[in-house]
Amino acid sequence: MADIIHLLPEHVANQIAAGEVVQRPSSVVKELLENAIDADATEIKLIVKDAGKTLVQVIDNGKGMSVTDARLSFERHATSKIKAAEDLFQLNTKGFRGEALASIAAIAHVELKTKQLHQDLGTAIEIEGSEVKSQDVSVTPTGTSVAVKNLFFNIPARRNFLKSDTVELRHVTDEFHRVALAHPNIAFNFYHNGSELFNLPKENYRQRVVHIFGPKTNEKLVPVEEQTEVLKISGFVGKPEFSKKTKSEQFFFVNQRFVKSPYLNHAVNAAYEGLLKDRYHPSYFLNLTVDPKTIDINIHPTKTEIKFDDEHTLYAIIRSSIKHSLGQFNIAPVLDFEQQSQFNTPYGYRHRQASTPKIEVDRNFNPFKDENSHTLGQRQSSFRQGPTAKWESLYVGLESKEGDNLSQHNSDEFTFETQSKTHSIFSDDAVETSKTTFQLQQKYIVSTLKSGMLIIDQNRAHQRILYENFLKHMTLKEATTQQLLFPLHLNVTPSEMKIIRDLKSDLEDTGFVFTDFSKIEVTVTGVPIGVPESEVSIIIEQLISDVENDVPEANFSATDLLAKSMAKSLAIKNGQPLNNAEQEHMVNSLFACKDPSVSPTNRPTFITMAIDDLEKRFM
Ligand code: ADP
Ligand code: MG
C-alpha cells in the first residue's frame, strides 16, 4: 500500500499558521506595528483603508533590512530575534516566532519596501499568497514599509466572516491604542480612508494617555508609582468618580507589551473596594516592568496572555500601590506650605465635603516594609485633590470665581496638595514631580521640577489651553452650544457685519448660533458652552478688531484666528486668584497641550530655572 503521509506544501502550512496569527485586519496591524518597534523606529505611520480589509500599511523609519533579510523575512520561522530556545527567556522584543510576515503573505497581497541606513538603494518585494511576484531594487527611504492588501483574498470564507467596517475599525483602533500607549517615546500617525485619526508626537506617558483619550482624561488620572525588587509599576489609575460602565480604559502593559490578565485586573478592582458603584469599572493605564525571566508570554499565539512566576506577590503589590495612590489623593494630609495664609489659595469648596468618598486608609501601612521600605518612603508621586472640583472651568474661562468664599473657610478644612507628576517639559527623564504649586502676584504659577523651578504665566498658559481646545472643537466640529434665554442683539457696522458673515460657519463650529442678520444687527441665540453671556459682545468685538488688524498672510486661516481671538478674550487674566486645584489643573492642561511652550501668539508660556543656575547665583 502506498504511503499516505506527506508533508503539506509550504503555502498550505502558511495558510494554516495564518489562521492562528491573523484573525482580522487588526491582527495585521498589531504584527506590523510590533515589527516596526522591534526595528527601533522612532516614527511610525499606520495607513488603513476600509477598516483594513483593503489596505493595512505600516511605514517606519527603523533599521530596515538587507536584500537577503527582506527575502528571508517571509519564510516561516525566519526571525532575527531569537537564535536558541534559551533566548525565549530573555526576550526584549515583541516578535520571536518568525511567523507573522510568512502568515500574512500567505493570505494577502504584500508589498515590502525596505532600506538600511548605509545603503543607497533599497529592496522592493511583492508577494501574493506566498508566491513571490517580483523583487527589485528600489528607491525608498531608510526604514521599512509593508503594505498588506486584500486580506483573505484567497480564503473567501474568512473574508466573509469579517465584521462591518465599523467593528473592524474599532479592533484596529484598539490595537493602535495599545501599541501607542506602550510606546509614548515613539511618534505615531494613523490614517483611515485618507483622514488622520491620530497624530501622536513623541511625548510623556501622561500626555500620551490624554492625547489618545481626550483632554478631559487629564483630570481623572492619579499617578501610581512603585518600585520593588520584583516589580516596577508606573502609570495612572482613574479617580473612582470617573469610573466607567465599560472596560474600555483598562490597560496593563508588561515590559511594554499589552497583556490581558484577569487576575491582575482583580488586584486593581480590589484596590478600589468600596469606592465604585455597582457594575462600574475603574480606568487604569499601568506599566509593569519585570525581569523577562519571570514571565512566559509564549502561551498564546497572539501573545496577549501572560504567565507570571509569582502572581501572588504581584497581586499584593499592585493592590497596595493603587490603594496607596487613591488613599493619598482622597485624604491628603495638610502641607505646612499651604497653611500660610498669605498664599492666594482660596478654598471655595463649600459644597464638596459631603461628596468626598469615605475611605479609610492606613497611611502607615507599608506592604514592603521589610525589603523595600525606602522606596515607599521616597515616594514622590502623590495626587490629592477634592473629588468634585470644577475642573472644566479652566477650559471655559474659569467662571467659577470662588475667591469670595475664601474668608469662610480656614484652609485646614480642605487642602489639596498639588499633583506631583507634571509632564515632560524638556526630555522624558527631566520630567519630575513638582510637589506643589503656588501663585505669585496673582500672575504666575510657580511649581517645582526635579531639575529646578517652573514659572508659568497664567494668562498665556490659559490662552494656549483654550486655543488648542477651540481649534480642536472647530476641526472636529464637535462644540456644544448653550442656548441663551434671551437672544442677544449686537449692533455692528456694515464692514463688521461682513466680517461676521465671513466667519459665520467657523464661529458656529465653536458653538455660536446666529439667527438674524440685518444690515446693522446680529442676533445671537447660542454661545459656546462656558462663555458667559456678558462676554459675548466683547468676544465678537475683539474678533472683529483682530480680523481687521491682522493683515491676512499667505496661510491665513479664519479658524486659527478665531481660536486665537477667543482664547485671548476668555483666558483668565493676570490678577485673577486661582486656588490650588485650579493652578494644578492649569499646569496639567498646559502640558497636555500639543505645544505647551508658547502662547498662541508665540510668546513663552513658562520659564524654568535649573538648580545649576540657582546655585550659580548663590556663589
Ligand atoms: P518576528 O517578528 O517574530 O521575528 P516576523 O515574521 O514578524 O517575525 O518578521 C520576520 C523578520 O523580519 C523579523 O525578525 C525582522 O528581522 C524582519 N522584519 C520584519 N519587519 C521588519 C521591519 N519593519 N523592519 C526591519 N525588519 C523587519
Ligand atoms: Mg513580528
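Basis for what follows: all heavy atoms, side chains included, without hydrogens, waters or symmetry-related copies. Start at 1 and go down the list; that is how both ligands and their atoms are numbered.
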N/O separation below 3.5 Å, [X] to ligand 1:
X      : answer
Ala102 : no
Thr144 : yes
Met65  : no
Asn35  : yes
Asp60  : yes

- Phe252 and Tyr263: aromatic ring centres closer than 6.0 Å?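 Between Tyr263 and Phe252, which both carry aromatic rings, the centre distance is not below 6.0 Å.
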- Message: Tell me which pairs pass ring pair (Phe, Tyr, Trp, His ring centres under 6.0 Å) where either residue lies in residues 106-142, with sequence neighbours left out.
- Response: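 Listed once each, the pairs are His109-Phe153.
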- Message: Quiz question: by atom type and distance under 3.5 Å, do the side chains of Lys113 and Ser145 form a donor-acceptor pair?
- Response: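 There is no such pair between these side chains.
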- Query: Do the side-chain N and O atoms of Thr42 and Asn61 include a donor-acceptor pair separated by under 3.5 angstrom?
  - Reply: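 Yes.
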- Message: Is the shortest side-chain heavy-atom distance between Val146 and Gln57 below 4.5 Å?
- Response: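 Val146 vs Gln57: side chains apart.
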- Query: Quick one: does ligand 1 sit under 4.0 Å from the side chain of Ala100, the backbone, both or neither, non-hydrogen atoms only?
  - Reply: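 It is both backbone and side chain that touch ligand 1.
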